[in-house]
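What follows is one structure encoded as structure tokens, with my remarks underneath.
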Amino acid sequence: VNAVSWNEIENKPQAYPRTAHIGYALKAKNEHIGGIPTFTSMIKGLLVKVPSNYNQPILENGEIDWRYVESATPGSHLLQQTGGSSVQTGDPQIYKGAWDGTFVYSWTQNPAWIVYDILTNTTYGLSLPEENIDKYRFYQIAQYCDACDFTTGNFLGVDGIADGTFRSKPRNTFTATRENQLGIAQGTKIRERRFTLDTLIADQKQSFDTLNSLAASFRGAIIYAHGKVTLACDLPDETPVMVFNETNMKEGSFIIGGNKESEVLTGVDVSYIDPSNHYKRETVRVDQLGSNDGISKTEIENIESLDVPGVTRRSQALRYAQYHIASSRYLK
């Protein structure tokens with residue numbers, strides 16, 4: 001037996017504490033004259049704070065995986081649970097019972113909890129105290145992102161269609177590390193989470209610019225209200241309310257306005273990351289209904305380009321574009 005190399009663990013100050021990194025050594029041969037080869041990797045991402053009653057779907061090996069639930073496969077589902085796991089049939093109960101306000105650490109694609117972690121984390125976040133954040137509003141919007149019922153916590157999902165990524169291959173045709181992936185035919189109707197976020201923060205920017213760009217993935221924004229940092233989001237069945245009285249109205253100042261016809265969107269070019277195409281950026285066009293049927297000859301074309309950060313599903317990008325078209329027409 002020949003010893004190729006050896007390493008010694010040294011106890012000394014680190015240049016980048018609490019940071020995972022990888023290094024590799026290459027011999028200076030002719031094939032490396034053009035420069036150091038690029039290294040790419042697939043990562044699970046950070047463990048972040050999630051509610052203690054948050055039970056995500058998992059595989060038999062404990063890996064979090066929503067695909068059996070989102071494909072509406074009948075039968076039982078294995079759910080993650082603090083202190084173990086549970087098996088449920090029917091619509092799985094993702095948010096189980098009333099939340100007591102405590103957190104555990106886990107992987108998640110829910111953008112609300114990713115934003116919450118960046119606000120509170122003391123290493124790479126803003127280190128905001130939890131008492132200064134309306135975490136129960138985050139909880140409500142997190143349920144909306146996961147397409148769960150606000151009362152029962154059961155996963156309901158939003159209607160979607162298999163987009164041809166991993167779902168386009170039949171089950172058990174994968175090899176090596178992909179044997180556990182679920183495959184269903186492209187075009188099959190599925191139920192999926194409303195919003196997910198898969199992103200890498202690598203550029204230094206203003207903190208709230210970064211946070212609001214992440215919140216934009218679920219059509220939300222970070223605001224300060226009633227003495228706490230909270231989220232604003234266009235939720236269903238929520239009517240915006242403003243109280244008008246003699247203290248905040250000025251005589252002759254009340255006007256009614258609307259949108260110009262030239263400001264109404266006729267189409268949106270939305271770009272997203274496509275995992276099935278080497279994580280390259282793809283762009284799709286969504287047109288307003290009837291905008292390109294040739295009937296209206298006087299309609300002004302108004303196309304907007306949107307870049308959705310952290311979106312890796314075509315269906316979510318399409319819903320994002322449809323929302324912007326509808327808001328330009330119906331929100332006054």
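Residue indices begin at 1 and follow the sequence shown. In what follows, every heavy atom counts, from backbone to side chain, and hydrogens, waters and symmetry copies are set aside.
- By the neighbour-count criterion of 12 heavy atoms within 6.0 Å, atom CD of Gln206 is sparsely surrounded, having that number or fewer from other residues, nucleotides or ligands.
- Side-chain contact between Phe218 and Ile141: present, with at least one pair of heavy atoms (C-beta onward) separated by less than 4.5 Å.
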### Task
For side chain to side chain contact (heavy atoms under 4.5 Å, CB included), just list the numbers for Ile201 and Ile118, CA-CA rounded to whole Å, side-chain angles, deciding distance to a tenth of an Å, and then say yes or no.
CA-CA 11 Å; Ile201 302 175; Ile118 297 177; 3.8 Å; yes

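- In this model, a donor atom of one side chain and an acceptor atom of the other lie less than 3.5 Å apart for Asn53 and Tyr139.
- In this structure, His324 and Leu306 have side chains that are in contact, with non-hydrogen atoms separated by less than 4.5 Å.
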Glu70/Ile190 under side chain to side chain contact (heavy atoms under 4.5 Å, CB included): CA gap, chis, key distance, verdict: CA-CA 6 Å; Glu70 291 186 309; Ile190 60 175; 5.6 Å; no

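- Residues passing the ring-ring contact (aromatic ring centres under 6.0 Å, His included) test with Tyr136 are Trp99, sequence neighbours excluded.
- Between Asn110 and Tyr144, the side chains place no donor N or O within less than 3.5 Å of an acceptor N or O (distance only, hydrogens not considered).
- Contact of the Val104 side chain with the Val50 side chain is registered, since non-hydrogen atoms from C-beta on lie closer than 4.5 Å.
- Other residues, nucleotides and ligands place no more than 12 heavy atoms under 6.0 Å from the CZ atom of Arg314.
- If you check the side chains of Gln322 and Arg319, you find no donor sitting under 3.5 Å from an acceptor.
- Counting heavy atoms from C-beta on, the side chains of Ile273 and Asp198 never come closer than 4.5 Å.
- When the side chains of ILVMFWY residues are joined at heavy-atom separations under 4.5 Å, either directly or via intervening members, Trp107 and Ile114 end up in a single hydrophobic cluster.
- With respect to the salt-bridge test (charged N to carboxylate O, under 4.0 angstrom), the residues Arg281 and Asp307 qualify.
- Under 4.0 Å is where a charged nitrogen must lie from a carboxylate oxygen, and between Glu130 and Lys228 no such pair does.
- Two different hydrophobic clusters hold Ile223 and Tyr116 under the rule that ILVMFWY side chains link at heavy-atom gaps under 4.5 Å.
- A cation-pi geometry, defined here as NZ or CZ lying under 6.0 Å from the six-membered ring centre and within 45° of its normal, does not hold between Arg313 and Tyr272.
- No side-chain donor from either of Asn55 and Tyr95 sits under 3.5 Å from a side-chain acceptor of the other.
- Thr108 OG1 to Leu46 CG: the interatomic distance, rounded to the nearest 0.5 Å, is 12.0 Å.
- Between Arg285 and Asp269 there is a salt bridge, since at least one side-chain N of the basic residue sits less than 4.0 Å from a carboxylate O of the acidic one.
- Among Asp134, Ile133, Ile222, the single residue meeting the side chain to side chain contact (heavy atoms under 4.5 Å, CB included) criterion with Leu231 is Ile222.
- In this structure, a donor-acceptor pair under 3.5 Å is absent between the side chains of Glu263 and Ser328.
- Note on residues 203-215: no pairs pass salt bridge (charged side-chain N to carboxylate O under 4.0 Å, His left out), not counting sequence neighbours.
- Taking both residues in full, the closest heavy atoms of Ala321 and Val286 are given as CB-CG2, 3.8 Å, listed atom of the first, atom of the second, then distance.
- Clustering ILVMFWY residues whenever any of their side-chain heavy atoms sit less than 4.5 angstrom apart, transitively, puts Leu47 in the very cluster that holds Ile58.
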Ile303 and Val268: CA distance, side-chain angles, deciding distance, side chain to side chain contact (heavy atoms under 4.5 Å, CB included) verdict: CA-CA 5 Å; Ile303 307 297; Val268 169; over 6 Å; no

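- Atom NZ of Lys96 sits about 13.0 Å away from atom OG1 of Thr152, to the nearest 0.5 Å.
- Note that CZ of Phe195 is 8.0 Å distant from OG of Ser217, once rounded to the nearest 0.5 Å.
- Of the N and O atoms on the side chains of Gln109 and Arg193, at least one donor lies less than 3.5 Å from an acceptor on the other residue.
- Between the side chains of Ser315 and Glu192, at least one donor-acceptor pair of N or O atoms lies under 3.5 Å.
- Gln288 and Arg329 form a side-chain donor-acceptor contact under 3.5 Å, judged by distance and modelled atom types alone.
- Distance CZ/Arg194 to SG/Cys148: 9.5 Å, rounded to 0.5 Å.
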Determine, step by step, whether Tyr124 and Asp117 satisfy the side-chain hydrogen bond (donor to acceptor under 3.5 Å, both in side chains) criterion, reporting the C-alpha distance in whole Å, the side-chain angles of both residues, the deciding distance to 0.1 Å, and the verdict. CA-CA 9 Å; Tyr124 52 80; Asp117 181 73; 2.4 Å; yes

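- Residues Tyr320 and Leu214 do not share a hydrophobic cluster, defined by chaining ILVMFWY side chains whose heavy atoms lie under 4.5 Å apart.
- In this structure, Pro57 and Phe155 have side chains that are not in contact, with every pair of non-hydrogen atoms separated by 4.5 Å or more.
- In this structure, the side chains of Thr312 and Thr199 stay at 4.5 Å or more apart for every pair of heavy atoms.
- Side-chain atoms of Ser52 and Thr102 form a donor-acceptor pair, as typed in the model, at a separation below 3.5 Å.
- Distance check, rounded to the nearest 0.5 Å: CD of Gln56 to CH2 of Trp66 gives 6.0 Å.
- The environment of CG in Asp159 is sparse: at most 12 heavy-atom neighbours from other residues, nucleotides or ligands sit within 6.0 Å.
- Here the CG atom belonging to Asn121 is positioned 10.5 Å from the CG atom belonging to Leu119, to the nearest 0.5 angstrom.
- Residues Val308 and Val284 share a single hydrophobic cluster, defined by chaining ILVMFWY side chains whose heavy atoms lie under 4.5 Å apart.
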